[in-house]
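The chain is numbered in sequence order, starting from 1. We use all heavy atoms of the structure for the numbers below, so side chains are in, but hydrogens, waters and symmetry mates are not.
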Amino acid sequence: IKWNSTLNFSFNRNKIVHLYGEMIDELDEEGNVIGQREADDIGNGWFIGESLDRIWDYEILGIWQLSEEEEAAVYGKQPGDVKLKDQNDDGTLTPTDDKIFQGYRRPQYRIGFRNDLVFFKNFELSAFIRADLGFYGANNLHRNSGSNSDFERRNRMYRPYWTKDNPINDYARLNSDTDSPGFTWWENRSFLRLQDVSLAYNVPKSKLTKLRIQKLKVFVNFRNLLTITGWEHYDPESGTTRMPKYSSIGINVSL
């Protein structure tokens, strides 16, 4: 057996160090000015000292349940709506006080692992495994709101929804309230994928001389054969679209 392996590992980091130069006052807990700093661009989600793809949003705790009806009403919600964390526990949800940093939209690490084997002299096996790790994507199907909850007129993937008889904690009720405040349901998109597999057989030359053929290889290839992920939408790499699987059979002939 001849075995050759190749491992690739990469990561990319970035940080915003300067934006528009607009300075704002820094205040202590009592409202006293204690200094100045450069203003962030909150509208675009850009923050000094943070990555361009940093996620800044409300923390999701789950779904409001029947036993929490009175508490949900404080925030204008009802059982079945998504439950957001009130970080300072003041009874209101505002971006400046209650949004937090919670992950990245791009992979923090990428790994590629390739193996090439030759066995029984004439058989060749090749497999490539890749992994994109440490990133999140928007999976607002969990919110079951608006067009996302229109099961009857649109051919969408199946997903559950909260009801009084089905009080789940990861999918909201149909047409749930996702306004005041607006938010995104972020979900881990990390994945491990067996991306390419190829098996080939090289016909021995002793069996080709009568056919006047120099080389003859028969092979079968597979792509996107297996994906391991916790992402609950279609495909973790593309985010929301399907990733097709391919297989092919072929013959290479050299005369």
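Neither side chain, Asp165 nor Thr163, offers a donor N or O lying under 3.5 Å from an acceptor on the other. Between the side chains of Asp40 and Trp46, no donor-acceptor pair is found at a separation under 3.5 Å. Gln195 and Asn224 form no side-chain donor-acceptor contact under 3.5 Å, judged by distance and modelled atom types alone. Using a 3.5 Å distance cut-off with no hydrogens or angles, the side chains of Ser126 and Arg114 do pair a donor with an acceptor. In this model, no donor atom of one side chain and acceptor atom of the other lie less than 3.5 Å apart for Asp98 and Gln87. A donor and an acceptor atom, one from each side chain of Trp3 and Asp116, are nowhere located under 3.5 Å apart.
Heavy-atom contacts from other residues, nucleotides or ligands closer than 6.0 Å to CD of Gln36 number more than 12. Within a 6.0 Å sphere centred on CZ of Phe11, heavy atoms belonging to other residues, nucleotides or ligands number 12 at most. Other residues, nucleotides and ligands contribute at most 12 non-hydrogen atoms within 6.0 Å of the CZ atom of Arg106. Residue-environment remark: OH (Tyr246) stays at or below the threshold of 12 foreign heavy atoms within 6.0 Å. More than 12 heavy atoms of other residues, nucleotides or ligands shown are found within 6.0 angstrom of OH on Tyr20. Around the CD1 atom of Ile249, the shell of radius 6.0 Å holds no more than 12 heavy atoms that belong to other residues, nucleotides or ligands.
Taking the charged nitrogens against the carboxylate oxygens, Asp81 and Arg173 do have a contact shorter than 4.0 Å, which makes a salt bridge. Salt bridge present: Glu237 and Arg193 bring a charged side-chain N and a carboxylate O closer than 4.0 Å. A salt bridge between Lys77 and Asp177 is present, with a side-chain N of the basic residue lying under 4.0 Å from a carboxylate O of the acidic one. For the pair Lys99 and Glu59, the salt-bridge criterion is not met [side-chain N within less than 4.0 Å of a carboxylate O].
The side-chain heavy atoms of Glu69 and Pro79, taken from C-beta on, include a pair separated by under 4.5 Å. The shortest side-chain heavy-atom distance between Ile129 and Leu192 falls under the 4.5 Å cut-off.
Linking ILVMFWY side-chain heavy atoms closer than 4.5 Å, directly or via other members, places Leu66 and Val82 in a single hydrophobic cluster. By the rule that hydrophobic residues join a cluster once side-chain heavy atoms approach within less than 4.5 Å of another member, Phe183 and Val74 end up as members of one cluster. Note: the hydrophobic cluster containing Leu125 also contains Ile1 (ILVMFWY, side chain heavy atoms under 4.5 Å, direct or indirect links). Under a hydrophobic clustering in which Ile, Leu, Val, Met, Phe, Trp and Tyr are joined whenever their side-chain heavy atoms come within less than 4.5 Å, directly or via other members, Phe119 and Val220 fall into the same cluster.
Of all non-hydrogen atoms in Ser5 and Phe113, the two that sit nearest each other are CB-CE1, 4.0 Å. When every heavy atom of Leu19 is checked against every heavy atom of Ala39, the shortest pair comes out as CD1-O, 3.9 Å. Listed here is the closest heavy atom pair of Gln108 and Gly134: CG-O, 3.0 Å. The shortest non-hydrogen separation linking Ala127 to Leu194 is CB-CD1, 4.4 Å.
Aromatic ring centres of Trp56 and Phe47 lie closer together than 6.0 Å. Aromatic rings of Phe123 and Tyr201 (six-membered ring for Trp) have centroids within the 6.0 Å cut-off, being under it.
Because its NZ or CZ atom is not both nearer than 6.0 Å to the ring centre of Tyr171 and within 45° of the ring axis, Arg143 does not count as a cation-pi partner of that residue.
Applying the side chain to side chain donor-acceptor pair (under 3.5 Å) rule to Arg105 yields no partners; only residues at least two apart in sequence or on another chain are considered.
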